[in-house]
Colleague: 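Structure incoming, see below.
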Amino acid sequence: MNPLWLSHSTATSSIGRGLDQTLTALRVRRAGLVPCAFDTVDLATYIGEVAEVDAVQLPAHLADYDCRNNRLALLGLMQDGFAEAVRAAIGKYGAQRIGLFLGTSTSGILQTELAYRRRDPVSGALPADFIYGTTHNTFSVADFTRHYFGLTGPAVVVSSACSSSAKVFGSARRMMAAGLIDAAVVGGVDSLCLTTLYGFNSLGLVSEQACRPFDTQRNGISIGEAAAFALLEHTPEHLDADAVLLLGIGESSDAYHMSSPHPEGLGARMAMLDALKMAGLQASEIDYINLHGTATQSNDAVEGKAVSSVFGSGTPCSSTKGATGHTLGAAGGVEAVICALILQHGLLPAGLNTRQLDATLDLDYILVNREQQVARVLSNSFGFGGTNCSLVFGRAGKP
Amino acid sequence: MTLTAYIEGIGLLGPGLTDWPSSRAALSGQQAYQSHKTVLPPPALLPAAERRRSGAIVKLTLATGLEAIAAAGLDAADLPSVFSSSGGDGENCHAICEMLASDDRLISPTRFHNSVHNTASGYWCIATGAMTTASVLCAYDASFAAGLLEALTQVVVDNTRSVLLACDTAYPEPLHSARPIPDAFGIALVLAPQRSARSLAQITVDLSDASADRLDDAALEGLRKAIPAARGLPLLCSIAHRQNGQVVLDYLDSSSLAVAIALC
């Protein structure tokens, strides 16, 4: 593929608002996971909650979109001058020439969960103030964002569970290459809700401790929430050495089981190999891998197998979910932005909460931060339904 | 900038529409269209455990997708796919919200994994053995056109065949009142980058600001407006008429899709 330039990016999660706070948290190894006190949830688990999401006010003319997920989206867009960058891109390319591709798994479903507590006792009807289309519906976050900016180009939500906001890069790449658009706003927004907390709990996949990716004692995920965005443009002739490029994307399906990964990690392996192939790179040319690393027994075991089958045991890797929690449909986007920070700041972030590395997995899983300039990194995102996506990013100038 | 592809197979299932061949007469106006409740066939291709767990959206996706691929004489396992739905499994969503509002919030694992928007895609891959890329999309009322655009970019940019599966199912009350989709409806299209012996029609698609076409038949027009996946009906009606033509499909409030159709 022709590399695409991540001209601007931003991430907001439980470890911080925007890039500076996110980078600082990774540097000082500060996790955002706390015991769950969300809404009325009575589960013994840790969550990665973004502070003061509900204090965010949507503009009056977009009041119909008001729900936790769109508040979090707006909070994310306000960081790092991202909204200004989108407006500048509109000035440069035109509102109809910018595509919008956002990932989410649960969108504003919390709004419906809350509305079901207020049903009419006689008729069972939902309260009159409940608006399905602009809150609950999976498209709501993209529809909010396009109206917020006045974007009039193609817009869509990708919702393939926990690969959603990695796969948006694939959809954006195709539409840019097809010439329908000149630039793309991509990203992911997923917010806390009862469906995912009680749902993952029903599968026995929620840990009662802060999640411990790749630890011998790992026993499940910590659910988080996040908003991450990037502006993709065609690569200009001249770029700063530390500019970040999207070099390759690999997408595959397990065709195995709805909620368990392929036991040999075949789909994951295909996604990584396809991403390398599209980037025109050998496995040995990747300097760091941001693992999906959810901290469930089976996910980490399968990903470990798949990674070592492609890369051997020598490539430094870690999961940043010990810091952010698993932000589900936003995870691919958050981790893409973390990859950009890694490339620009030469920091390989240690996996947090991992005390005893699973020795059965043959990986260079890093438990101490490394300050080291890197040129190319790969990020994995896998999800329910057996959906896999790997992204390769690189610095414009090699170190 | 236009995108060109060849339709090699069509799948169709909805109220009064049992499959593509038997629906052509009604869609071309040769026979009166009569609506009756959509009948979803059991998903025979799924293993028994998955068959029991599958909801309406899975049955609808499998039925329409397999019809289109069989008509094209292809193997589903080889095809990249695009799933576009305005809502996912409505019955399942209602059941979860009802439990989460009750004193017993312990929803079942099956309920939960059926709650993801990519449920149909997951079951599709299990049923067909497809390990190819699957794009799973939602664009509310614009979902059909959004899915068509994604499939076309796969075909044009990656020079591959692709199957579009645009399917919607109804919510039960009380969500039905908030989102009144009347019944299950799906369209599947196999799209190819080059003309072949199986090609039914060449389509050339561009973004437009023209108003979407309405259908002459009032009942079909009602269907088009009521179910997002049915916004693709003007394309199928045009092919059913066996005439070259141009249709405009509904997309976002800011744009539509202009589709030029040349029969092969």
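Predicted, not measured: the structure shown is a model, and the values here were computed from it. Note on naming: letters A, B, ... go to the chains in the order of the sequence lines (proteins, then strands), and numbering restarts at 1 for each one.
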Colleague: Pick from A:Gly329, A:Ala178, A:Gly386: which one has the most heavy-atom pairs with chain B under 4.5 Å?
Modeller: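 Most pairs with chain B among the choices: A:Ala178.
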
Colleague: Need one label for B:Ile126: side chain, backbone, both or neither, based on atoms under 4.5 Å from any heavy atom in chain A.
Modeller: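 When you check distances to chain A, atoms from both the backbone and side chain of B:Ile126 fall under 4.5 Å.
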
Colleague: Could you measure the distance from the NE2 atom of A:His257 to the SG atom of B:Cys125? Nearest 0.5 Å is fine.
Modeller: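 It is 14.0 Å, given to the nearest 0.5 Å.
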
Colleague: For residues A:Ser107 and B:His117, determine if any side-chain heavy atom of one lies less than 4.5 Å from a side-chain heavy atom of the other.
Modeller: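 No - every pair of side-chain heavy atoms lies 4.5 Å or more apart.
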
Colleague: Counting heavy-atom pairs under 4.5 Å to chain B, which of A:Leu266, A:Leu126, A:Asn201 comes out on top?
Modeller: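 Ranked by contacts with chain B, first place is A:Leu126.
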
Colleague: Determine which residues belonging to residues 154-161 of chain B lie within contact range of chain A, meaning some heavy atom pair is under 4.5 Å apart, and list them by number or answer 'none'.
Modeller: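 Interface residues of residues 154-161 of chain B: B:Gln154, B:Val157, B:Asp158.
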
Colleague: What I'd like to find out is whether the side chain of A:His147 reaches to under 4.5 Å of the side chain of B:Asp253, using heavy atoms alone.
Modeller: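 Yes; the side chains approach each other to less than 4.5 Å.
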
Colleague: Under a 4.5 Å heavy-atom cutoff, which of A:Asp143, A:Ile131, A:Thr40, A:Thr104 has the most pairs with chain B?
Modeller: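 It is A:Thr40.
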
Colleague: Is it true that B:Arg111 and A:Thr195 share a donor-acceptor pair across their side chains at a distance under 3.5 Å?
Modeller: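 No, no side-chain donor-acceptor pair sits under 3.5 Å.
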
Colleague: To the closest 0.5 Å, what do you measure between OH (A:Tyr132) and CG (B:Leu175)?
Modeller: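 One finds 7.5 Å between OH of A:Tyr132 and CG of B:Leu175.
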
Colleague: Within the structure provided, determine whether A:Gln96 and B:Ser255 are in side-chain contact (heavy-atom separation under 4.5 Å).
Modeller: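 No; the side chains remain at least 4.5 Å from each other.
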
Colleague: Is B:Tyr123 in contact with chain A via its backbone, its side chain, both, or neither, using a 4.5 Å heavy-atom distance?
Modeller: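 Both parts, backbone and side chain.
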
Colleague: With chain A, which of B:His94, B:Met131, B:Glu50 has the greatest number of heavy-atom pairs at distances under 4.5 Å?
Modeller: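 Result: the option with the highest number of such pairs is B:Met131.
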
Colleague: Does a donor on one side chain and an acceptor on the other come within less than 3.5 Å for B:Ser254 and A:Arg146?
Modeller: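 There is such a pair (donor and acceptor under 3.5 Å, judged by atom type) between the side chains of B:Ser254 and A:Arg146.
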
Colleague: Looking only at heavy atoms, what is the nearest atom pair of A:Thr112 and B:Cys97, with distance?
Modeller: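 Heavy atoms of A:Thr112 and B:Cys97 come nearest at CG2-SG, 3.9 Å.
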
Colleague: Is chain B contacted by the side chain of A:Ser105, its backbone, both, or neither, given a heavy-atom distance below 4.5 Å?
Modeller: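 Contact with chain B is absent: no heavy atom of A:Ser105 under 4.5 Å.
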
Colleague: Could you tell me whether the side chain of A:Ser202 reaches within less than 4.5 Å of the side chain of B:Pro109, counting heavy atoms only?
Modeller: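 With C-beta onward as the side chain, the pair touches.
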
Colleague: Between B:Ala130 and chain A, with a heavy-atom cut-off of 4.5 Å, which part of the residue counts as in contact: side chain, backbone, both or neither?
Modeller: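 When you check distances to chain A, only backbone atoms of B:Ala130 fall under 4.5 Å.
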
Colleague: For A:Asn137, is it the side chain, the backbone, both, or neither that has a heavy atom closer than 4.5 Å to a heavy atom of chain B?
Modeller: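 The side chain, not the backbone.
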
Colleague: Under 3.5 Å, is there a donor-acceptor pair between the side chain of B:Asn118 and the main chain of A:Phe384?
Modeller: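 Yes; at least one donor-acceptor contact below 3.5 Å.
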
Colleague: What do you reckon, are the aromatic ring centroids of A:Tyr198 and B:Phe112 less than 6.0 Å apart?
Modeller: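 No, the ring centres sit 6.0 Å or more apart.
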
Colleague: Checking side chain to side chain contact (heavy atoms under 4.5 Å, CB included) against A:Leu180, which of B:Leu152, B:Leu149, B:Thr2 comes through?
Modeller: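 That would be B:Leu149; it is the only one of B:Leu152, B:Leu149, B:Thr2 passing the side chain to side chain contact (heavy atoms under 4.5 Å, CB included) with A:Leu180.
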
Colleague: Does A:Pro154 reach the side chain of B:Tyr251, with side-chain heavy atoms less than 4.5 Å apart?
Modeller: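 Result yes, sub-4.5 Å side-chain heavy-atom pair found.
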
Colleague: From A:Ser140 OG over to B:Tyr140 OH, what is the distance, rounded to the nearest 0.5 angstrom?
Modeller: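 Rounded to the nearest 0.5 Å, the OG-OH separation comes to 10.0 Å.
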
Colleague: Distance check, rounded to the nearest 0.5 Å: A:Phe101 atom CZ versus B:Glu150 atom CD?
Modeller: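 So the gap between those two atoms works out to 7.5 Å.
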
Colleague: Given heavy-atom pairs under 4.5 angstrom as the criterion, report whether the side chain, backbone, both or neither of A:Met258 touches chain B.
Modeller: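 It is both, since atoms from each part get that close.
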
Colleague: Is it the side chain or the backbone of B:Ile107 that comes within 4.5 Å of chain A heavy atoms, both, or neither?
Modeller: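 When you check distances to chain A, atoms from both the backbone and side chain of B:Ile107 fall under 4.5 Å.
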
Colleague: Closest heavy-atom contact between A:Gly124 and B:Pro174?
Modeller: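 Smallest interatomic distance, heavy atoms only, reads O-CB, 3.3 Å.
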
Colleague: Between A:Arg118 and chain B, with a heavy-atom cut-off of 4.5 Å, which part of the residue counts as in contact: side chain, backbone, both or neither?
Modeller: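 Neither; nothing under 4.5 Å.
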
Colleague: Among B:Thr133, B:Val136, B:Leu137, find the one that has a side chain to side chain contact (heavy atoms under 4.5 Å, CB included) with A:Lys167.
Modeller: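 Among B:Thr133, B:Val136, B:Leu137, the one that satisfies the side chain to side chain contact (heavy atoms under 4.5 Å, CB included) with A:Lys167 is B:Thr133.
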
Colleague: Charged N to carboxylate O below 4.0 Å: is that the case for B:Glu98 and A:Arg119?
Modeller: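 Judged by the 4.0 Å cut-off on N to carboxylate O distance, B:Glu98 and A:Arg119 do form a salt bridge.
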
Colleague: For A:Ile109, is it the side chain, the backbone, both or neither that has a heavy atom under 4.5 Å from a heavy atom of chain B?
Modeller: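 For A:Ile109, the contact with chain B is made by the side chain alone.
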
Colleague: Sort A:Ala177 into side chain, backbone, both or neither according to what part of it lies under 4.5 angstrom from a heavy atom of chain B.
Modeller: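 Both the backbone and the side chain of A:Ala177 come within 4.5 Å of chain B.
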
Colleague: Working to the nearest 0.5 Å, report the span between SG of B:Cys93 and NE2 of A:His136.
Modeller: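 Spacing of SG (B:Cys93) from NE2 (A:His136) equals 4.0 Å.
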
Colleague: Which one of B:Thr119, B:Thr128, B:Asp206, B:Ile96 has the most heavy-atom pairs closer than 4.5 Å to chain A?
Modeller: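 Top option by heavy-atom pairs under 4.5 Å: B:Thr119.
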
Colleague: Which atoms of B:Ser177 are under 4.5 Å from chain A, going by heavy atoms: the side chain, the backbone, both sets, or neither?
Modeller: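 For B:Ser177, no heavy atom lies under 4.5 Å from chain A.
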
Colleague: Restricting to non-hydrogen atoms, name the atom on B:Ala178 and the atom on A:Phe130 that form the minimum distance, rounded to 0.1 Å.
Modeller: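 Heavy atoms of B:Ala178 and A:Phe130 come nearest at CB-CE2, 3.8 Å.
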
Colleague: Please classify the contact of A:Phe200 with chain B as side chain, backbone, both or neither, using a heavy-atom distance under 4.5 Å.
Modeller: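 Contact with chain B is through both the backbone and side chain of A:Phe200.
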
Colleague: Answer whether the closest heavy-atom distance between the side chains of B:His113 and A:Ser259 falls below 4.5 Å.
Modeller: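 With C-beta onward as the side chain, the pair touches.
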
Colleague: Is it true that atom CG of B:Asp209 has more than 12 heavy atoms of other residues, nucleotides or ligands lying nearer than 6.0 Å?
Modeller: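 Incorrect, the count does not exceed 12.
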
Colleague: Find the distance between OG (B:Ser162) and CZ (A:Arg174) and round it off to the nearest 0.5 Å.
Modeller: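 So the OG of B:Ser162 and the CZ of A:Arg174 are separated by 8.5 Å.
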
Colleague: For A:Asp120, does the CG atom sit with more than 12 other heavy atoms under 6.0 Å from it, leaving out its own atoms?
Modeller: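 More than 12 heavy atoms, drawn from other residues, nucleotides or ligands, come within 6.0 Å of this atom.
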
